2 protein chains.
Amino acid sequence: MKRANDSPPTLADVAHKAGVGTTTVSRVINGGERVSQKTLDRVQAVIAQLGYMPNQAARILKGERAKTIGMVIPSIADSFFSSCAEAAQEIARSHDSLLIVTVTNNDPHIELENLNVLMRHRTDGLLIAPANYQSETLAAFLGRSHVPAVSFDRPVEKGTIASVLTDNYRGALEATHHLVEHGYKRILCLGGETTLYTIRERLRGFREAMQQAKQTHGATALIDMSVKDYRSAEYAVQSHLSGPTPPDAIFTVKNSTTIFAFESLQKLRISVPKTVALLGFDDFELASTLRPSISVVQQPIEDLGRIAAELLFAQLLMTEKGRPAPSRKRPEHVKLETRLVLRNSCGCTPGTA
Amino acid sequence: MKRANDSPPTLADVAHKAGVGTTTVSRVINGGERVSQKTLDRVQAVIAQLGYMPNQAARILKGERAKTIGMVIPSIADSFFSSCAEAAQEIARSHDSLLIVTVTNNDPHIELENLNVLMRHRTDGLLIAPANYQSETLAAFLGRSHVPAVSFDRPVEKGTIASVLTDNYRGALEATHHLVEHGYKRILCLGGETTLYTIRERLRGFREAMQQAKQTHGATALIDMSVKDYRSAEYAVQSHLSGPTPPDAIFTVKNSTTIFAFESLQKLRISVPKTVALLGFDDFELASTLRPSISVVQQPIEDLGRIAAELLFAQLLMTEKGRPAPSRKRPEHVKLETRLVLRNSCGCTPGTA
DNA sequence: CTGTTAGCGCCTTCAC
DNA sequence: GTGAAGGCGCTAACAG
C-alpha cells in the first residue's frame, strides 16, 4: 500500500478513491460549486468513508486565513481574564476560528516570547492585555508585524492599535464621590501594582475626586499602595486603623485588594461600615453574599473581551474585502462605562438584604 | 520589487539577501550545525534585520509537530476549568507548545464540532473534559483519529484513552461520614446535573456512606437533585426545611450548589450550622471568609490540568522516539485524592476563626 | 463541469 | 561547509 494507514488521508487520496481530480475534491469541500450532483455525492461519500479532513496547515501555506487568533493575557486562572477569554472564544467560534490563549504573568519578556510564537503560527489576529502599556518594544513589535491587533483592559500607548478599555478613571472618580457624599472625611485608597495601567487610572480618579472633596467637604485623601498579598493588606489595614487619625472609609483599587482588606477587617473585628466603610473596584462572585455585602465598581468584563474580538474580526474582514490598501482609518478606541453597585459596606442599605 | 513588502519574509528571502542557499538558512534556524561561524553570523544578522520567523504551517506540512495541543472544556469562565487550563498551558509552554482552548457548554454536538476543527489544525494532542462520559460517538472519534488524547475531570468510558480524575466517590463518602460523625441524623444531598460523571460519583459516595450510617447511626438519607440555579436552590432549601421532618445537615454536590444553598439559608435566616449544617463538594474562593466559613471537599484542581498535560506530552515523546509501534502500553488512569477542609459550617470549630 | 499543473515555505536527501 | 531539487497537502489559474 502506498500510504501508511495511520496518517490522515489527503485530498489526493480522496480524489484517487473517488476516481476524480483533486480540483473536484477541493471544490466539494469548499462549498461544492460547479460540481455535478452525482460526483458531489460520490466524493462526499468517499470523504465520509475515509474520515478525511482538510489539512489546515496546507491551506495556511497557500495564503489562506489560519482561522486562528491569539490571545495574550496575564493569567487564565484570573476570573477577570478568563471571562474575557470566554467571550472572545465565543466570537472567534462564530467566525469559525480558534482561540489560542497564552499567559504572560505580566512579564514583558514572556509576553514578547508568546507573541513570537504566535507569529510563527501565523495567527490571523491578536488580542492582547499588555503587561506594560508604555512599552515601546511592544508597540514596535505590533507595528512591524502586520497582524491586526486589538488591546483590551490596557492600551498600548506608543502604538496605534485599537483598544477596548474600561473607563477606570471615571469609575474611581464616581466611587470616591460616593464615599464623600456619605460624609466620610478621611478616605484611604488601598492597593498595589502601581505599574499597571488600570491601577494608575483608578488612582488618578481617586485623586481627582479627593482634590475636589478637599475644597467642598474638607475631606482628606490617604494613599497606601503597598498591598501585594494578604499579609501586606492586613499590615496596612492594621497600621492605618490603629493610628491616631484613622480613615473612616477605604477605597480598594482592585478585586483581590478588596477581599484582602475585608478579610483583614473581619479578622481584626473592625466593624464595616460602622467603623470604616469599604468600597472596591471590581465586582466579585460573593460580594453580595458576604456580611456586610460589599459595594463595588462593576465593569462590563465580558464586553471587554467580546468587543475586542469583534473589533478584531471587523479588521480582518476589512483587509480581506477591501484592496490590501489598509484604508488608513485610525484605529478605534472603545471606552466602556462602569457601574456603581451599592451594597452595604459603603454605608448604604439597599433593598432588604 | 518581487515580494509584497507586507507579507512576512520567507526563508528564501533570507537566503537571497544573505547570499547563501536555503539549506544553509534552514540549518541556521535549526541549531546552526554544520555552518561556518562566518556565514552563521551573517545569516543571523539578516534574519534579525528582516524580522524573519519560520512559518509553522510549512513545518507542519512537512510532517513536523504542530507544537499545539487542543483543550476541550465545558467553559473557560468557570474557575475550575480555567485553573486546569492555566496549569495545562504552563506545561504546554514548557514543551514549547501552544494551547488552543475550545468550549463546549457540555453540549456533545458542539464538542464534536470543536474536535473536528482541532483535527483540521492537526494539533499534536488533545486534553478533554468530555460532555458525556458515556458517549460512544466520542470514544469512536477519539479511537479513530490517531491523535494522543487524555481526558481529565471526567473519563471517556467506552474508549481506551488515558484519564486524570478526582476520586469523587471517596471524597463524597468521607464528607458524608464526617457529617454522620457529627451526629446529624437526616442528611440531605442537594444538587443537579445528574448526567455528569462527577456528580454521579459524588452521589454514589453519599449513598454508600448513608447506607452504612443507616445501620450504625440510624441516619436517614434525603436526596434532591433538582437544583439548577439560585431559584431552584432556594425552593429546595425552603421546602425541605419547612417540612415536618427537616434535614439537620446538607451535603451539596458542587460548587455553585453550595453557594446557592448558603445564600438561600442566609436569606431565610436559617442558622448554620445550628439549625442545619452545610458541607459542600469543591472549594471556592471565599469559602473561608463567609460567616460561617464553609467546610468543603477540596480537589487538587491544578493537578488535574497539569498531570493531564504531562501525560499527554509523555505520550507525544513516546511516539516520537520509539518506533511508530505504539507499544500498546495500556493507557494510564490517574486518580487524585480529595481533602476534607473543615471550617465552621459543618459544626466544627477549627482554630480561632 | 472537470482535470492538469504550478507553487505556498520549509526541510531533507543527495551531490559537490 | 554548502547548494540544488523534490515534495508535504492544498488551491487557483488555466485548459479542455
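Throughout, a chain's letter reflects where its sequence line sits, starting with A, and its residues are numbered from 1. Computed from a prediction, not measured in an experiment: that's the story for all the values here.
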Mind checking what makes side-chain hydrogen bond (donor to acceptor under 3.5 Å, both in side chains) contact with [X], not counting sequence neighbours?
X: E33(A); answer: none
X: H109(B); answer: none
X: S163(B); answer: H333(B)
X: T39(A); answer: S36(A)

Nearest whole angstrom, please: distance from the [atom2] of [N] to the [atom1] of [X].
X: D13(A); N: dC10(D); atom1: CG; atom2: P; value: 9 Å
X: L61(B); N: dG9(D); atom1: CG; atom2: C1'; value: 5 Å
X: H121(B); N: dC10(D); atom1: NE2; atom2: C1'; value: 14 Å
X: R65(B); N: dC8(D); atom1: CZ; atom2: C1'; value: 16 Å
X: R42(B); N: dT2(D); atom1: CZ; atom2: C1'; value: 12 Å
X: I60(A); N: dC10(D); atom1: CD1; atom2: P; value: 12 Å
X: R120(B); N: dG9(D); atom1: CZ; atom2: P; value: 17 Å

Throw together a table of side-chain donor-acceptor distances under 3.5 angstrom for residues 50-64 of chain A, partners on residues two or more places apart or in other chains.
unit_1 : atom_1 : unit_2 : atom_2 : d
N55(A) : OD1    : A57(A) : N      : 2.8
Q56(A) : NE2    : R65(A) : O      : 3.2
Q56(A) : NE2    : A66(A) : O      : 3.4

Helix axis bend for the helix from dC1(C)-dG16(D) to dC16(C)-dG1(D) - C1'-based end axes, five pairs, 10° rounding
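Here the helix ends are tilted 40° relative to one another.
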
Qualifying residues under side-chain contact (heavy atoms from CB on, under 4.5 Å), relative to E310(B), sequence neighbours excluded
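Applying side-chain contact (heavy atoms from CB on, under 4.5 Å) to E310(B) gives I91(B), R306(B), I307(B).
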
Measure from the side-chain N and O atoms of T137(B) to the backbone N and O of S135(B), and report whether any donor-acceptor pair falls under 3.5 Å.
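No, the answer is negative, given that no donor and acceptor are paired below the 3.5 Å cut-off.
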
Could you write out each protein N or O paired with an N or O of nucleotides 10-14 of chain C at a distance under 3.5 Å?
unit_1  : atom_1 : unit_2 : atom_2 : d
dC10(C) : OP1    : Y52(B) : OH     : 2.4
dC10(C) : OP1    : N55(B) : N      : 3.0
dC10(C) : OP2    : L11(B) : N      : 2.3
dC11(C) : OP1    : R59(B) : NH1    : 2.3
dC11(C) : OP2    : S26(B) : OG     : 3.2
dC11(C) : O2     : K62(B) : NZ     : 3.3
dT12(C) : O4     : T23(B) : OG1    : 3.3

Name every donor-acceptor pair, under 3.5 Å, that has one atom in a side chain of residues 151-162 of chain A and the other anywhere in the protein, sequence neighbours excluded.
unit_1  : atom_1 : unit_2  : atom_2 : d
S151(A) : OG     : R154(A) : O      : 3.0
R154(A) : NH1    : N106(A) : OD1    : 2.8
R154(A) : NH1    : P130(A) : O      : 3.0

